[in-house]
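Before any comments, here is the structure.
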Amino acid sequence: MNSFLSKRKIEPFINKNHIDMDQYIAQDYHSYNDFFTRKIKIGQRPIAKESHILIAPADSKLTYYSISEDLHVQIKDSFYSMEDLLQSKELASVYQDGICLIFRLTVDDYHRYCFIDDGTKEEDRYISGVFHTVNPIANDYYPIYKQNSRSYSVLHTKNFNDVIYMEVGAMMVGKIVNHHLQSFCKGDEKGYFEFGGSTIVMFFKKDIVDIDIDIIKNSKTHDETRVLMGEKIGVKRV
């Protein structure tokens, strides 16, 4: 997808997915990935700047979960517990009874994502993807265990306490490009997904934020809520 030859995929993709290219900065793309990570025009994704408002970090389909000990979430056809996702039992325990938000990006979405508040960031932790098949003797099936590659960091935010911000990529190749800013402001670009990366997961501690009721209601019926980067999805609890 980084080769010059991949340019031929761009126009059919735009037509098939009805992408409004007027929203994006005009340029000559050198490859499909160059197009996939295209930048949007200023003003097309206004950021709700009020300090008490929680914003969506990306264009995506959003699902809400209340975090419990037995919570398992589905990401890219794999199921994860909090401990599985973070590879840290200690960190997972800090967010018990809090909130998990999953932002699923599809190929037609804008694939850059932003910070949701002012603050500072700890170092990123990268977790490689895993794919195992098991063929027990005398068994006629092949059990499969898989996990996607992912990167996460703890954000020390001004209004929402410590937030875990995770990007999930393809199974064996991350396709996650972060800018590694140590301090940031609400709406600053955090990074982008190349082709193959497409999910953001965020964890909030208990009693920190109230998510909009329509998002919660949709999630209870297993329906995702369409959101755009920068728009309101909740408020700081007072």
Side-chain angles (χ1 to χ4, degrees), residues 54 56-106 109 111 113-117 119 121-134 143-157 160-178 180 190-194 196-209 211 215-216 218-220 222 224-225 227 233-234:
L54 176 66
D59 291 9
S60 54
K61 291 77 182 170
L62 170 58
T63 305
Y64 160 97
Y65 295 93
S66 180
I67 299 173
S68 60
E69 288 188 8
D70 61 351
L71 174 66
H72 284 73
V73 295
Q74 184 176 2
I75 303 173
K76 291 180 174 288
D77 300 322
S78 294
F79 286 89
Y80 300 86
S81 68
M82 283 280 291
E83 186 177 342
D84 289 336
L85 268 176
L86 299 171
Q87 297 288 290
S88 171
K89 184 176 183 179
E90 180 181 0
L91 186 57
S93 68
V94 173
Y95 290 83
Q96 281 300 312
D97 301 317
I99 288 171
C100 171
L101 300 178
I102 297 182
F103 302 86
R104 184 179 66 87
L105 286 71
T106 50
D109 283 319
H111 271 70
Y113 44 88
C114 73
F115 289 102
I116 49 92
D117 195 14
K121 184 178 75 68
E122 294 185 7
E123 291 296 317
D124 291 352
R125 178 177 179 186
Y126 182 77
I127 301 172
S128 299
V130 175
F131 182 84
H132 291 307
T133 58
V134 182
I144 296 174
Y145 170 76
K146 64 180 181 179
Q147 289 196 340
N148 298 97
S149 62
R150 49 210 186 275
S151 176
Y152 75 85
S153 56
V154 177
L155 308 184
H156 304 298
T157 71
F160 302 104
N161 205 285
D162 290 347
V163 179
I164 295 177
Y165 193 129
M166 172 182 286
E167 300 88 22
V168 182
M171 190 169 60
M172 299 305 289
V173 183
K175 301 299 185 182
I176 300 162
V177 181
N178 280 319
H180 303 296
K190 186 177 188 293
Y192 58 87
F193 291 113
E194 293 184 342
S198 61
T199 304
I200 294 170
V201 186
M202 302 184 72
F203 303 109
F204 296 85
K205 293 180 180 177
K206 181 182 178 182
D207 297 332
I208 295 297
V209 63
I211 301 302
I215 295 171
I216 295 175
N218 289 342
S219 298
K220 285 181 177 179
H222 306 289
E224 297 170 305
T225 304
V227 296
I233 59 170

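Residue indices begin at 1 and follow the sequence shown.
- Expressed to the nearest 0.5 Å, how far CD1 of I99 lies from CD1 of I211 amounts to 4.5 Å.
- Residues forming a side chain to side chain donor-acceptor pair (under 3.5 Å) with Y113 (at least two apart in sequence, or on another chain): N178.
- For R150 (side chain) and T199 (main-chain N/O), no donor-acceptor pair under 3.5 Å exists by modelled atom type.
- By the ring-ring contact (aromatic ring centres under 6.0 Å, His included) test, F115 is found to be paired with F184, residues two or more places apart in sequence or in another chain being considered.
- When all heavy atoms are compared, the tightest approach of V168 to I176 is C-CD1, 4.0 Å.
- For the residue pair K190 and K121, the shortest heavy atom distance occurs at CE-CD, 4.4 Å.
- For E122, the side chain to side chain donor-acceptor pair (under 3.5 Å) test picks out H156, with sequence neighbours left out.
- The two residues V73 and C100 make their nearest non-hydrogen contact at CG1-SG, 4.4 Å.
- Side chain of Y152 to main chain of I164: no donor-acceptor pair is present (N/O by atom type, distance under 3.5 Å, no hydrogens or angles).
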After noting the C-alpha distance and the side-chain angles of L101 and I233, does the key distance pass the side-chain contact (heavy atoms from CB on, under 4.5 Å) rule? CA-CA 10 Å; L101 300 178; I233 59 170; 4.0 Å; yes
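- Closest approach of I127 and L85 over heavy atoms only: CD1-O, 3.5 Å.
- Side chains of R104 and T63 form no contact here, defined as non-hydrogen atoms less than 4.5 Å apart.
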Stepwise side-chain contact (heavy atoms from CB on, under 4.5 Å) check, I200 with Y165: CA-CA 7 Å; I200 294 170; Y165 193 129; 3.8 Å; yes
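- Among all heavy-atom pairs drawn from S219 and Y64, the shortest one is OG-N, 2.8 Å.
- Scanning both residues, R125 and L86, for their nearest heavy atoms gives NH1-O, 3.2 Å.
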Test side-chain contact (heavy atoms from CB on, under 4.5 Å) on Y192 and H111 and set out the steps. CA-CA 6 Å; Y192 58 87; H111 271 70; 5.6 Å; no
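- Legend: residues meeting side chain to side chain donor-acceptor pair (under 3.5 Å) with E69, ordered by chain and number and at least two apart, are absent.
- Atom CG of L105 is separated from atom CZ of F193 by 6.0 Å, given to the nearest 0.5 angstrom.
- Within 6.0 Å of NZ in K206 there are 12 or fewer heavy atoms belonging to other residues, nucleotides or ligands.
- Partners of D109 according to the side chain to side chain donor-acceptor pair (under 3.5 Å) rule, which considers only residues two or more places apart in sequence or in another chain, are K61, T106, R226.
- Between atom CG of residue L155 and atom CE of residue M202 there is a gap of 6.5 Å, rounded to the nearest 0.5 Å.
- Scanning for ring-ring contact (aromatic ring centres under 6.0 Å, His included) contacts around F103 gives an empty result, with sequence neighbours left out.
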Going through the checks in order, is the side-chain contact (heavy atoms from CB on, under 4.5 Å) test met by S68 and L71? CA-CA 5 Å; S68 60; L71 174 66; 3.9 Å; yes
